[in-house]
Amino acid sequence: MDNNLVIYNSLTRKKEQFTSIIPGHVGMYVCGPTVYGDPHLGHARPAITFDILYRYLNHLGYKVRYVRNITDVGHLEADSDDGEDKIEKKARLEKLEPMEVVQYYTDRYHNFMDKLNVKKPSIEPRASGHIIEQLQIVDKIMEAGYAYESEGSVYFDVVKYNEKYNYGELSGRVLDDLLNTTRELDGQTEKRHSVDFALWKKASPEHIMRWPSKYSEGFPGWHLECSAMSTKYLGEQFDIHGGGMDLLFPHHECEIAQSTVANGKKPVRYWMHNNMITINGQKMGKSLGNFITLEEFFTGSHKLLDRAYSPMTIRFFILQAHYRSTVDFSNEALQAAEKGYRRLMDGLKTLEKVKPGKESGFNVDEWSNKCYEAMNDDLNSPVLIAHLFEGVKHINNMAAGKSSLNEEDLEKFRKSIEMFSYDILGLIDEEDTSGAGNTVLNEVVDLLLKLRLEAKANKDWATADQIRDELQKLGFVIKDTKDGSEWELK
RNA sequence: GGUUCCGUGGCCGAGUGGCUAGGCAGUGGUCUGCAAAACCACGUACAGCGGUUCGAAUCCGCUCGGAACCUCCA
């Protein structure tokens, strides 16, 4: 399939022309959330980043199978010696069934992703639903001789793997350095080397999330689920694997090792990693406790927030930075994003009313091509947005009668700018009040404004201003135009 | 300590050898009964110091500052 899409491949640390393994089809896997807590701003970034990629690939004509997992088992608590499962710990704290916790936060995650207008993936597999597949991979790796059993647990032999393959090819690590610098952790006696990682962990007696296997009653290791589920749904080799940069090592490095041994080939063509969202220059994250949940953003209920910010403001804020750059959170930046977002939406609204002229004052194809170039250049959404603002300038000029497009160009331009704004960037006009159910309200406001127009015609400024002021108090924004006035409800 | 990355005008944020994105804020103006909105004009910024080059924010070196990963993390 023809395209000019270039994406930055973390594996080669270069921008590369994108070509899919099977022409016309793309397999894409993105690491989803671990559902033991409320989604925060950091979760929004990969969801939105890869949502853009998904939308754009679809737009280019690819049939995309987009798999984004839900991690509901398997990750060990950072400083717990007994290997207690995160989900389980939270469950005990809240006296809920582990799967109840999983369900609750999964629903929350879905709900907030919907608000952010993130498209649902094609498949959203759960780790707990793929224990058999994970165990099959453990067996394969055992048979290949790259894993060993130790007291009911199974570990991947990184040192042996590195003799034939390159452990560290993705993250740029050197095994010898890792062996020297990795600090000693408890429970490491079972492992031959500090760098070895668990494929299967034997459950301690109090561990309730457990599954039977020939090794022990236990649960799958840290990194296995992604290898299992990506292989199952996308095949042994697929096109794109995405996730946050913090997953690059060790998670994705281990994934490569596992899949390479299990399937005998490199699993992924293009690795893509989004950067972190920072707060006061530091990563926003669970471990630092400095995260702000999406709910807190939408309601304004966090001490660092001046006020609430809408889902589309958050989306626009994230898209105004390139996905591989860090983006620093601040109220000022968010408010600037909100205004910019409104400017774009208002421009699109104005465009609906623009009438075609005889001449075309600017080259629509040229403009459209620049938009494509921005997207093709490793999804450069900030540059695309800059072009969209240029489009808004054209729109405003046309509305002011200072420029125009002929009928054909106007239609082309409208389609193009709406496509980039709504379909590719996934923006929605949150202030769209013209929906059903508002008919009566619309007519009432229109009536009041008609009265005001009459008052204005009679130079009865007192009445005219009274109507405007009272409406403004109720939250309406009144904009006078040359043939009347427009309004919207804030 | 190791590996990697970054430091751009008041703020956010693109660019990455010559053609000086964009948004927000600010100032002046046009329009308007006033206002809002819109439009027009205005800011020569690239951490510091050297070097390469006809020419560097962009390449190289050093210095300073910051971050990420090395441990669960989006």
Side-chain angles (χ1 to χ4, degrees), chain A residues 13 30-34 36-37 39-50 71 74-80 86 168 171-174 176-178 180-183 185 195 222 242-251 253 273-278 281-288 291 316-317 320-322 324-341 343-344 346-347 350 370 374 377 380-390 392-393 395-397 399-403 456 459-461 464-465 468-469 472 477-482 485-486 488:
Chain A
R13 272 169 238 164
V30 174
C31 289
T34 304
Y36 69 107
H40 61 77
L41 188 57
H43 291 97
R45 177 98 113 141
I48 290 171
T49 297
F50 295 105
T71 296
H75 288 224
L76 293 177
E77 197 73 26
D79 29 55
S80 84
K86 265 184 188 174
S171 58
R173 306 285 143 139
V174 177
D176 287 343
D177 294 344
L178 287 170
N180 292 330
T181 57
T182 304
R183 71 167 194 238
L185 292 169
V195 290
W222 298 262
M245 261 183 194
D246 48 353
L247 298 177
L248 204 139
F249 189 89
H251 184 58
E253 196 71 61
H273 293 93
N274 62 276
N275 215 319
M276 302 290 103
I277 288 178
T278 60
Q282 265 204 325
K283 174 182 165 182
M284 183 183 280
K286 283 218 160 71
S287 39
L288 291 162
F291 61 92
F316 195 80
F317 170 69
Q320 259 192 320
H322 188 261
R324 284 191 290 114
S325 302
T326 56
V327 56
D328 197 53
F329 152 84
S330 71
N331 280 284
E332 221 179 352
L334 237 27
Q335 279 160 30
E338 182 181 80
K339 292 215 173 152
Y341 157 69
R343 183 171 151 79
L344 177 58
D346 289 345
T350 304
K370 284 198 290 182
D377 184 14
N380 200 328
S381 56
V383 168
L384 171 59
I385 288 172
H387 296 323
L388 295 180
F389 279 121
E390 198 195 309
V392 169
K393 198 166 258 183
I395 291 169
N396 289 329
N397 274 326
K402 288 181 182 171
S403 176
K456 279 173 74 175
K459 296 200 189 296
D460 180 3
W461 309 128
D465 288 352
R468 183 179 65 197
D469 294 346
Q472 277 177 346
V477 177
I478 312 298
K479 294 178 197 172
D480 287 357
T481 61
K482 45 186 182 297
S485 45
E486 294 171 4
E488 57 190 24

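Everything numeric in this text was worked out from a predicted model, so none of it was measured. Letters go in sequence order (proteins before strands), and every chain restarts at 1.
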Peer 1: Would A:D465 and A:R468 count as a salt bridge (Lys or Arg N to Asp or Glu O under 4.0 Å) if you check the C-alpha gap in whole Å, the side-chain angles of each, and the deciding distance to 0.1 Å?
Peer 2: CA-CA 5 Å; A:D465 288 352; A:R468 183 179 65 197; 3.6 Å; yes
Peer 1: In Watson-Crick or G-U wobble terms, both distances under 3.5 Å, what is the partner of B:rA47?
Peer 2: B:rU63
Peer 1: Write down the distance separating the C1' atoms in B:rA14 and B:rG51, rounded off to the nearest Å.
Peer 2: 28 Å
Peer 1: Applying the Watson-Crick and G-U wobble criteria at under 3.5 Å, what pairs with B:rC39? Answer none if nothing qualifies.
Peer 2: B:rG29
Peer 1: Could you measure between the two C1' atoms, the one in B:rC5 and the one in B:rC11, and give it in whole Å?
Peer 2: 23 Å
Peer 1: Considering only the P atoms, how many Å lie between B:rC46 and B:rC19, rounded to the nearest integer?
Peer 2: 15 Å
Peer 1: Does OP1 or OP2 of B:rA74 have a side-chain N or O of A:T34 closer than 4.0 Å?
Peer 2: yes
Peer 1: Across all strands shown, which nucleotide pairs with B:rU20 by Watson-Crick or G-U wobble geometry, both distances under 3.5 Å?
Peer 2: none
Peer 1: Could you give the distance separating B:rC59 and B:rC69 at their C1' atoms, to the nearest angstrom?
Peer 2: 27 Å
Peer 1: I'd like to compare against my own output: the B/S/- annotation of nucleotides 16-23 of chain B with a strict under-4.0 Å heavy-atom distance to protein.
Peer 2: -----BSS
Peer 1: Under 4.0 angstrom, heavy atoms only, what part of the nucleic acid is A:I277 near: base, sugar-phosphate, or nothing?
Peer 2: base
Peer 1: Examine B:rC39: is either OP1 or OP2 under 4.0 Å from a nitrogen or oxygen in the side chain of A:N397? Give yes or no.
Peer 2: no
Peer 1: C1' atom, B:rA56 versus B:rA47: distance in rounded Å?
Peer 2: 16 Å
Peer 1: If you measure from the P atom in B:rU32 to the same atom in B:rG17, how many Å do you get, rounded?
Peer 2: 48 Å
Peer 1: Between A:L248 and A:F317, name the one whose nearest nucleotide on RNA chain B is closer to the 5' end.
Peer 2: A:F317
Peer 1: Please work out if A:D328 contacts a base, only the sugar-phosphate, or nothing of the nucleic acid, heavy-atom cut-off 4.0 Å.
Peer 2: sugar-phosphate
Peer 1: How is A:K402 classified with respect to the nucleic acid when contacts are heavy atoms under 4.0 Å: base, sugar-phosphate, or nothing?
Peer 2: sugar-phosphate
Peer 1: Would you give the length of the straight line joining atom OG1 of A:T278 to atom CE of A:M284, rounded to the nearest 0.5 angstrom?
Peer 2: 8.0 Å
Peer 1: Let me spell it out: for each of A:G281 and A:L41, pick the nucleotide of RNA chain B with the closest heavy atom. Which residue's pick is nearer the 5' end?
Peer 2: A:G281
Peer 1: If you check the A:W461 side chain, which of B:rA74, B:rG33, B:rA14 turns out closest?
Peer 2: B:rG33
Peer 1: Name the pairing partner of B:rG9, where a pair is Watson-Crick or G-U wobble with both distances under 3.5 Å, or state none.
Peer 2: none
Peer 1: What integer distance in Å separates A:N275:CG from B:rC5:C1'?
Peer 2: 8 Å
Peer 1: Using atom CD of A:E332 as one end and atom C1' of B:rC11 as the other, report the distance to the nearest whole Å.
Peer 2: 4 Å
Peer 1: How many Å lie between CG on A:D465 and P on B:rA35, as a whole number?
Peer 2: 11 Å
Peer 1: Tell me whether the side-chain N or O atoms of A:R468 pair up with the base of B:rC34 as donor and acceptor below 3.5 Å, since no angle test is needed here.
Peer 2: yes
Peer 1: Between B:rU58 and B:rU52, how far apart are the C1' atoms? Round to whole Å, please.
Peer 2: 13 Å
Peer 1: Find the distance A:H273:NE2 to B:rU4:C1' and express it as a whole number of Å.
Peer 2: 13 Å
Peer 1: Select one nucleotide: of B:rA36, B:rA14, B:rA74, the one nearest the side-chain heavy atoms of A:K479.
Peer 2: B:rA36
Peer 1: If you define the side chain from C-beta out and look only at heavy atoms, does anything of A:E253 sit under 4.5 Å from A:L178?
Peer 2: no
Peer 1: Rounded to the nearest 0.5 Å, what separation is found between the OG1 atom of A:T326 and the CD atom of A:Q282?
Peer 2: 12.5 Å
Peer 1: Report the distance from atom CG of A:L247 to atom C1' of B:rC73, rounded to the nearest whole Å.
Peer 2: 7 Å
Peer 1: Output yes when at least one side-chain N/O atom of A:N331 is less than 4.0 Å from OP1 or OP2 of B:rC12, else no.
Peer 2: no
Peer 1: Yes or no on side chain to side chain contact (heavy atoms under 4.5 Å, CB included) for A:R343 and A:N396, after CA distance, side-chain angles and deciding distance?
Peer 2: CA-CA 11 Å; A:R343 183 171 151 79; A:N396 289 329; 4.2 Å; yes
Peer 1: If you check every side-chain atom of A:H322, which of B:rA68, B:rC34, B:rA14 has the closest atom?
Peer 2: B:rA14
Peer 1: Compare the minimum distances between each of B:rG13, B:rA38, B:rC70 and the side chain of A:R173, then state the nucleotide with the smallest one.
Peer 2: B:rC70
Peer 1: Hey, are the side chains of A:V392 and A:L344 touching, using non-hydrogen atoms and a 4.5 Å cut-off?
Peer 2: yes
Peer 1: Which nucleotide, B:rA36, B:rA14, B:rC73, lies nearest any side-chain atom of A:K283?
Peer 2: B:rC73
Peer 1: Can you confirm whether A:H322 sits close enough to A:N275 that some side-chain heavy atom of one is under 4.5 Å from a side-chain heavy atom of the other?
Peer 2: no
Peer 1: Starting at CG of A:D469 and ending at C1' of B:rG33, how long is that distance when rounded to a whole Å?
Peer 2: 14 Å
Peer 1: Looking for any heavy atom pair under 4.0 Å, which part of the strands does A:V327 touch: base, sugar-phosphate only, or nothing?
Peer 2: sugar-phosphate
Peer 1: Applying a 3.5 Å limit to both distances, which nucleotide forms a Watson-Crick or G-U wobble pair with B:rU53?
Peer 2: none
Peer 1: Watson-Crick or G-U wobble partner for B:rC69, using a 3.5 Å limit on both distances?
Peer 2: B:rG2
Peer 1: Within this structure, what is the NZ-to-P distance between A:K286 and B:rC73, rounded to whole angstrom?
Peer 2: 10 Å
Peer 1: Just say parallel, tilted or perpendicular for the rings of A:F291 and A:H40, cut-offs at 30° and 60°.
Peer 2: tilted
Peer 1: Do the side-chain N or O atoms of A:T326 get closer than 4.0 angstrom to the phosphate oxygens (OP1, OP2) of B:rA68?
Peer 2: no
Peer 1: What distance, rounded to whole Å, do you find between the two P atoms, one in B:rG15 and one in B:rA35?
Peer 2: 41 Å
Peer 1: Could you walk me through whether A:K286 and A:T34 pass the side chain to side chain contact (heavy atoms under 4.5 Å, CB included) test, one step at a time?
Peer 2: CA-CA 12 Å; A:K286 283 218 160 71; A:T34 304; over 6 Å; no
Peer 1: With a 4.5 Å limit on heavy-atom distance, are the side chains of A:H387 and A:N380 in contact?
Peer 2: no
Peer 1: Considering every strand and a 4.0 Å limit on heavy-atom distances, what is the contact class for A:T49: base, sugar-phosphate, or nothing?
Peer 2: nothing
Peer 1: Mind checking the CG-NZ spacing from A:L388 to A:K370? Nearest 0.5 Å is all I need.
Peer 2: 11.0 Å
Peer 1: Tell me the interatomic distance from A:E253, atom CD, to B:rU71, atom P, rounded to whole angstroms.
Peer 2: 13 Å
Peer 1: Is A:M245 touching bases, backbone alone, or none of the nucleic acid, heavy atoms closer than 4.0 Å?
Peer 2: nothing
Peer 1: Can you say whether a donor on the side chain of A:D480 sits under 3.5 Å from an acceptor on the base of B:rA35, or the other way round?
Peer 2: yes
